[in-house]
Amino acid sequence: MIVADPDGCTDSQSFLPCAQCGAAGPGEEVGRGPSRQLSWGPSVFIPAEEVLQGGSGSCEEPALGAGAGPANIAMVMGLHPHYRSSFWKMQDLLLRMDGALPCHWRHYIAIMAAARHRCSYLVGFHTAEFLRVGGDPAWLRGVHRAPEKLRGLSEVNKLLAHRPWLLTCGHIEALLKPGEHSWSLAELTQALVLLTHHHALASFVFGCGILPERDLAGTPTSQDSPSHSGQDSPHSRDDLDSGRVQDCDAVHEVEALMERMKQLQEGRGVKERVASQEEMENSFELEKTESLLVSPSADLMQPSLPPDMLGFVEDPKFEYQDFTRRGEQTPPTFRAQDYSWEDHGYSLISRLNPEVGQLLDEKFQAVCSLTYNTLATHRGVDTSVLRRAIWNYIHCVFGIRYDDYDYSEVNQLLERSLKLYIKTVACYPERTSRSMYSHCWTHFRHSEKVHVNLLLLEARMQAALLYALRAITRYMT
């Protein structure tokens, strides 16, 4: 759920970045820009000069150095420095600071998590870090070469990555059961946070088209090369005419969204007094069912598993399935009022690891309150209703319902191409394509799309973490 702005946040009361970050010009395709633009950068989706300009400001996270974190992720997140500061504190705590798990185990768990989504970027980074902090190279041949205690995480890793609602207290009990290879509760909690953090970070990497650092000065990989999107071909007059029509449509799209937001905000007080609990529940069930129609096309099949990840992924065909599936029994809906982050998850994790709990809460609040009072070319805009729709839609596809939210707002505010992009990045990130990125919110800034990806990252992480923490709570009680 969207939470109130944290005290001291200078980004309150708005949604998206100011003009200093720059925007694609009218009709300009993603990945193209003025001739002075750098030829390559940290993202295959976003013009290099826009990332470098937006990410060059000062921020509070540690200077990037050995073990600090992936530099290209930091550069893209630099479009939103207030959030990046919160993220980097969490990243630093999870991977470098004192904790129940040794550092090389933490990087190995990150490899296991990233491999579930075929995220070569994160697997490569954490492989190098694993070796740098003294990890055994033999473990990199596959999970079967790692200690049995680590191998025991494979099932939980699989479920949290793709279908977290299947995680039960039985899975927790199996890992904590006394024995030679048992986990302590502190160790397991840290491992679960590491898993959910890196599953969600893989979504951000694919959603923003982030490239490995080595590609900054080299040749893009064949999979991500801009030439595969046809963007390097010259434009014919027909192309330019079509671009003008599309630009006109995009302007209309922004104006229509602004009007819908205004109507919802003006009528919300009346609606909350009139709408019954049954109507709220029905709106959620309808949105859940409609989400079945929003999935990557059949030609965007799950990519094959790269050879360097084969040993880290058990049951590689296991992937996200819609929470509600035709002809099948639906799992029980996770009601946020019964187990929320604010009232339950934060309390539990703070007892087990106070510093992790505090930084997680700060990070969730930072992204939920992140706003700049702008929307495309409009200023002075209250976009809280839009941000909440994005957050709650992501939780909806993971089976989490808020009793006080009317899910009909999701359909009013999120057009289908944006829903497709959000669901793909959140649930099947490895299938994200440049076309999906460029065809949603066509008149919005790249930094605004990065903002959506930050909401995706945190909403997805919180959803999976809530399932994990609820399972621990049930085990403890």
Side-chain angles (χ1 to χ4, degrees), residues 1-3 15-16 162-165 199-200 203-204 206-207 253 256-257 260-261 264-265 268 271 275 279-296 320-325 330-331 333-337 340-341 364 367-371 375 383-429 431-432 436-437 439-441 444 448-467:
M1 179 179 292
I2 299 300
V3 294
F15 179 37
L16 299 161
H162 307 294
R163 302 176 213 170
W165 55 87
H199 294 151
S203 284
F204 183 80
F206 283 110
E253 172 192 343
L257 175 58
R260 291 193 296 272
M261 288 166 54
L264 286 172
Q265 287 162 340
R268 170 164 284 175
K271 181 180 292 186
E279 289 171 330
M280 292 288 198
E281 184 174 348
N282 287 341
S283 72
F284 173 79
E285 294 299 328
L286 179 61
E287 186 57 47
K288 245 189 353 177
T289 302
E290 288 185 353
S291 73
L292 289 168
L293 306 176
V294 182
S295 295
Y320 175 86
Q321 289 184 346
D322 286 284
F323 185 78
T324 299
R325 292 177 60 79
T330 302
T333 295
F334 188 126
R335 296 177 68 250
Q337 275 62 26
S340 68
W341 169 254
F364 292 147
V367 79
C368 289
S369 61
L370 181 63
T371 182
L375 191 71
T383 59
S384 56
V385 64
L386 177 58
R387 286 179 280 134
R388 186 176 184 183
I390 293 170
W391 184 278
N392 287 359
Y393 178 64
I394 297 162
H395 276 201
C396 176
V397 298
F398 284 104
I400 297 176
R401 173 167 72 91
Y402 293 94
D403 287 349
D404 61 350
Y405 184 72
D406 182 355
Y407 285 84
S408 65
E409 293 186 9
V410 171
N411 276 336
Q412 295 178 64
L413 297 173
L414 309 185
E415 42 86 20
R416 193 179 188 282
S417 65
L418 179 59
K419 277 187 173 183
L420 175 61
Y421 175 76
I422 289 173
K423 185 176 178 182
T424 303
V425 175
C427 305
Y428 319 87
R431 301 190 192 186
T432 306
M436 286 181 191
Y437 177 92
H439 283 91
C440 71
W441 271 12
F444 289 75
E448 292 174 313
K449 294 186 181 184
V450 172
H451 188 178
V452 171
N453 276 290
L454 295 179
L455 285 167
L456 274 160
L457 186 164
E458 297 299 344
R460 179 188 173 173
M461 180 179 181
Q462 189 182 95
L465 197 55
L466 282 172
Y467 280 107

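In terms of heavy-atom proximity, F398 sits nearest to A463 at CB-CB, 4.2 Å. Residues W165 and V397 share a closest heavy-atom pair of CZ3-O, 4.3 Å. When every heavy atom of H451 is checked against every heavy atom of V367, the shortest pair comes out as NE2-O, 4.2 Å. Here the shortest heavy-atom pairing between L457 and A200 reads O-CB, 3.2 Å. Nearest heavy atoms, A389 versus L414: O-CD1, 4.0 Å. When all heavy atoms of V385 and L413 are compared, the closest pair comes out as O-CD1, 3.6 Å.
Taking the side chain as every heavy atom from C-beta outward, Q462 and L465 never approach each other to under 4.5 Å. The closest side-chain heavy-atom distance from Y421 to N453 is below 4.5 Å. Within the 4.5 Å cutoff, no side-chain heavy atoms of M461 are placed close to those of F204. With contacts defined as side-chain heavy-atom distances shorter than 4.5 Å, the pair D322/K423 qualifies.
Separation of atoms CD1 (I390) and CG (L456) is listed at 8.0 Å; rounding is to 0.5 Å. To the nearest 0.5 Å, atom CZ of residue R260 and atom CG of residue N411 are 10.5 Å apart. Atoms CZ and CD, on R401 and Q337 in that order, are 8.0 Å from each other to the nearest 0.5 Å. With rounding to the nearest 0.5 angstrom, the CG atom of L370 is 7.5 Å from the CG atom of L455. Atom OG of S384 and atom CG of L264 lie 10.5 Å apart (nearest 0.5 Å). Separation of atoms CG (L386) and CD (E409) is listed at 10.5 Å; rounding is to 0.5 Å.
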- Message: Set out, in order, the CA-CA distance, both residues' side-chain angles and the distance that settles side-chain contact (heavy atoms from CB on, under 4.5 Å) for H395 and F334, then state yes or no.
- Response: CA-CA 10 Å; H395 276 201; F334 188 126; over 6 Å; no
- Please walk me through it: do E448 and V452 pass side-chain contact (heavy atoms from CB on, under 4.5 Å)? CA-CA 6 Å; E448 292 174 313; V452 171; over 6 Å; no
- Message: I'd like to know whether W441 forms a side-chain contact (heavy atoms from CB on, under 4.5 Å) with L418, so could you lay out the CA-CA distance, the side-chain angles of the two residues, the decisive distance to 0.1 Å, and finally the verdict.
- Response: CA-CA 7 Å; W441 271 12; L418 179 59; 3.4 Å; yes
- Query: Are W391 and Y405 close enough, and set up right, to give a side-chain contact (heavy atoms from CB on, under 4.5 Å), and what steps lead you there?
  - Reply: CA-CA 11 Å; W391 184 278; Y405 184 72; over 6 Å; no
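Under a 3.5 Å cut-off, the side chain of T432 and the backbone N or O of P429 do form a donor-acceptor pair. One N or O on the side chain of K449 and one on the backbone of C440 form a donor-acceptor pair closer than 3.5 Å. Remark: side-chain polar atoms of Y407 are paired, donor with acceptor, to backbone N or O of Y402 under 3.5 angstrom.
Remark: the S203 side chain and the R460 side chain contain an N/O donor-acceptor pair separated by less than 3.5 Å.
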